[in-house]
Amino acid sequence: MQDYYPFDKVEEKWLRRWENSNLDKTGTDPDKENYYVLEMFPYPSGNLHMGHVRVYSIGDVVARYKRMEGYNVLHPMGWDAFGLPAENAAIKHGNIHPKEWTWKNIAHMKEQMKAMGLSYDWDREVTTASKDYYKWTQWFFAKMFARDLAYRKESTVNWCPSCETVLANEQVVNEGCERCGTEVEPRELEQWFLKITEYADRLLDDFKELDNWPEKVKTMQKNWIGRSEGTRINFPLKDLDEHLEVFTTRPDTLYGATYMVLAPEHPLVSELTEGSEKEEEVKEFIAKVKKQKEEERTSAESEKLGIFTGAYAVNPVNDKEIPIYIANYVLMSYGTGAIMAVPAHDQRDFDFARKYDIPVKAVIQPEDIEDKLKGSEMEEAYADDGYLINSDQYNGLSVKEAFAKMAEDFSEAGFAKVETNYRLRDWLISRQRYWGAPIPIVYCDDCGAVAVPEEDLPVELPHDVEFSPSGESPLKKVDDFVNTSCPQCGGPAQRETDTMDTFVDSSWYFLRYTDANNEQKAFAKDKADKWFPVDQYIGGIEHAILHLLYSRFFTKVVHDMGMAEAVEPFTNWLAQGMVLKDGAKMSKSKGNVVDPKDILEEYGADTARLFILFASPPEKDLEWSNKGVEGANRFLNRVWRYITDNIELIKNEEAEIKPAELDKDAKKLYRIMHSSIKKVSEDIGQRLNFNTAISAIMELTNEVYSYLNDREEAEINSALLRTAAENTLLLLAPFAPFLSEELWERIGYEESIHLASWPEYNQSALEKDEITIVIQINGKVREKINVDADISEEEVKEKVMAEEKVQSYLEGSELIKTIYVPSKLVNLVIK
RNA sequence: GCGAAAGUGGCGGAAUUGGCAGACGCGCUAGAUUUAGGAUCUAGUGGGUAAUCCCCGUGUGGGUUCGAGUCCCACCUUUCGCACCA
């Protein structure tokens, strides 16, 4: 009789029953340890895609496993619900409001998640676009404003002409908008910033708490923050009563500075050249650089171009005159926008000096070369360690010694100071779009910018707004919203009309989950500390800088506010790979999308989960395979079939297994059962390698089949069969929650399998009576013998030497050496 | 250009500590069952070979070792990150 797992009926049945159960609720047992597993919440676009299926399946396996292991588990879900797509959809479809669109999508995706069998505690659902949530996002902004961590400043910012809003530096990728790819334009605007730079050092230093983060991601963040320690040095100008300030990480090479360079945008440029014979030439050059910058923006090795200004600076250590150039390779946005150039020890300066025939003066001598470096003969810059030459009293010092000594001396002499520079810029959070949390600031003629007090929060986003993008916030046109009174003096005032970057919303949602329904606070400290930091965070690598850096910053601010103990939000982070089809990311334009809905309809949720976890380790990209899906389905049917076929035998069995009485095949099944438990436990619990965990369950199932195939029903050890079936279901429960639950009930349990304890393996059951010893001759496998497990080294060697094949190899050769690896192999070295 | 990761059958992948390469799955071959197909069950499946012997085999070339997918050196390819940050 053929029997198939009727997934549709089973899923319907258990979805209904689970709905009224407390299975997925956050654990509260004071005797258990707490565990917080979290997947990045989705943007509610309307439908789950395969990427969602993958990340949420991973998280669900961890959550279910940890529950069975005896932890209180917090496994929540929510919606990153503010953002442009809602507005764009509303604009595209005409008569639907972003709010309506968002809430409709949320309802649908929530149903899809439930259908997937994902075990979330929906009592803690968080939606960033709901008033209950964004009230606290605004509250955090106001608190930061009070702590001087939020400020308004006019500066050059990145403008996306397609999204019609400004963007943070982190949201500009290859000079394009992170969302739509459109090339960004610089604009001078007054905008709100969060002072993430104040946390730059802590964001770097606290990586020591994050041993388990992927090295790659830490490197990316380190690069992004870009800390460099150096010295700010003042060079007097020759004919002007002014100074030229430069930042350098190599104060030890000051004696080797043979020219200075200003960025074309540097304010001193006009002062130095105005009225001079060089003025016209310099202006032409700057115009050329500006034009070139746009045209050759993407070229990797753009040529270094420069021009002499005719002006000179004076080296403060030896009063030598140094010519000042303007060049395209110095940027106004970093350091002071000016450098001292040391061509002998910096490759860029070296290239430039050779091109414009500027002297090269070596001041660092490599230890391992006898001849003194000569600037005129060098072929490339020498940037490594060595000792100082041509540097007066500093000669002979190592680079490290000289760095410290010179920085100190120069500071005392008053023309330099030690300084650390960062690449990181403050986080621009103003957005000129509608669907976001209004920045809770009121402008009063008398009091200036005033934060909206807590009792007046939230500043509600008005509903009826003409929100087509216009380059200005749509809220500007809503008089009721704009006109208000000053919270401080009561006088007439206007509200800030920009909304916040959606990355602000998602920078603290993981804390809200710990106390999601608190109406008095963002979250209570005791609740936060009970769960936070997140033990295991799972999400896409695309957030390596953006969301993860912002969240780390927020967590540190929260800590400083005394609201939580943790200084880092995510103890472990798993970056899951993409889901590909035909070697490419699934996308509508490529027409290679597989809709999870279709897979669920044809094979059911358990098959979908099982396939996506089996096909590849989680951090690697996964190639979608319809055949692979069928394979996963086939395996579930194999489990279903052997248990239902033998249901009477299994159901009625109550006896315990007596390992000593098992026959040979039974013993093998018994052993594999225990080794599977061990393997699956380690693979889920420690390695997060679900593909090999599943293969271990398959091996167990295969072994059950081979046990059953070899004997008549009367010969089946039903206690063993029952235990094997139970363990198979327990191991499978995190992966295939529906099938395991149904069969668990059928074999006689009344309580859910998801409340059962994770099985334990028995070390003694793993040990074999008989082991296989590999015999190698000169490292090549030539024979294998089976011996008793407790055999001595001498006995093994005796047996090996007695082997016919070994004898034939030994004939006419000399045995030089015998290597014995206990329980594994014997290697005979012969000549 | 710099840095990191990866490269294993026809395919996805396994080998966690230097010790039987290819677990598990897909595909394929044969058999059983079936009117037939599908499904299922059984056996086989890295290449060469009649073969269970033997030879070859983890991107390429060297090295260390009794023994290397695993360690070291050089190179090739792919992916990712950084790319004038003074």
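Reminder, nothing fancy here: chain letters follow the sequence lines and each chain counts from 1.
When both distances must be under 3.5 Å, the Watson-Crick or G-U wobble mate of B:U33 does not exist. Pairing of B:A74, defined by two Watson-Crick or G-U wobble distances under 3.5 Å, is identified with B:U60. Pair assignment for B:G18 gives none, since no Watson-Crick or G-U wobble pairing has each distance under 3.5 Å. The base-pairing partner of B:U45, taking Watson-Crick or G-U wobble contacts with both distances under 3.5 Å, is B:G27. B:A68 makes up no base pair with any nucleotide shown, lacking Watson-Crick or G-U wobble contacts both under 3.5 Å. Pair check for B:A4 finds B:U79; Watson-Crick or G-U wobble, both atom distances under 3.5 Å.
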Handout entry: nucleotides 13-18 of chain B: protein proximity per nucleotide (B base, S sugar-phosphate only, - neither; heavy atom, under 4.0 Å)
Key = SSSB--

Practice task
If a protein heavy atom is under 4.0 Å from the base, mark B; if only from the sugar-phosphate, S; if neither, -; do that for nucleotides 63-73 of chain B going 5' to 3'.
Solution key: ---BS------

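Here the separation of B:G9 from B:A15, taken at their C1' atoms, is 15 Å to the nearest Å. Comparing the P positions of B:C72 and B:C56 gives a spacing of 26 Å, expressed to the nearest Å. A distance of about 11 Å separates the C1' atoms of B:A39 and B:U33, rounded to the whole Å. The C1' atoms of B:U45 and B:A23 are separated by 15 Å, rounded to the nearest whole Å. Spacing of C1' atoms, B:C41 relative to B:U8, comes out at 32 Å, to the nearest Å. Using atom P as the reference point in both B:C24 and B:G46, the two lie 12 Å apart (nearest Å).
Between the base of B:C80 and the side chain of A:Lys216 there is no donor-acceptor pair shorter than 3.5 Å.
Place A:Val781 and A:Tyr809 on RNA chain B by their nearest nucleotides, and A:Val781 ends up nearer the 5' end.
The nearest whole Å value for the distance from the CD atom in A:Glu170 to the C1' atom in B:C82 is 16 Å.
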Exercise for the section: Take A:Tyr4 and A:Thr644 through the side chain to side chain donor-acceptor pair (under 3.5 Å) test and state the conclusion after the steps. Expected result: CA-CA 10 Å; A:Tyr4 298 95; A:Thr644 51; over 6 Å; no

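In this structure, A:Phe352 has its ring center closer than 6.0 angstrom to the ring center of A:Tyr325. Between A:Tyr259 and A:Phe308, the distance separating the two ring centers is not shorter than 6.0 angstrom.
The residues A:Asp621 and A:Lys585 are annotated as not salt-bridged, no charged nitrogen and carboxylate oxygen being separated by less than 4.0 angstrom.
Cation-pi contact between A:Arg641 and A:Tyr5: absent, since separation from the ring centre below 6.0 Å together with deviation from the ring axis within 45° is not met.
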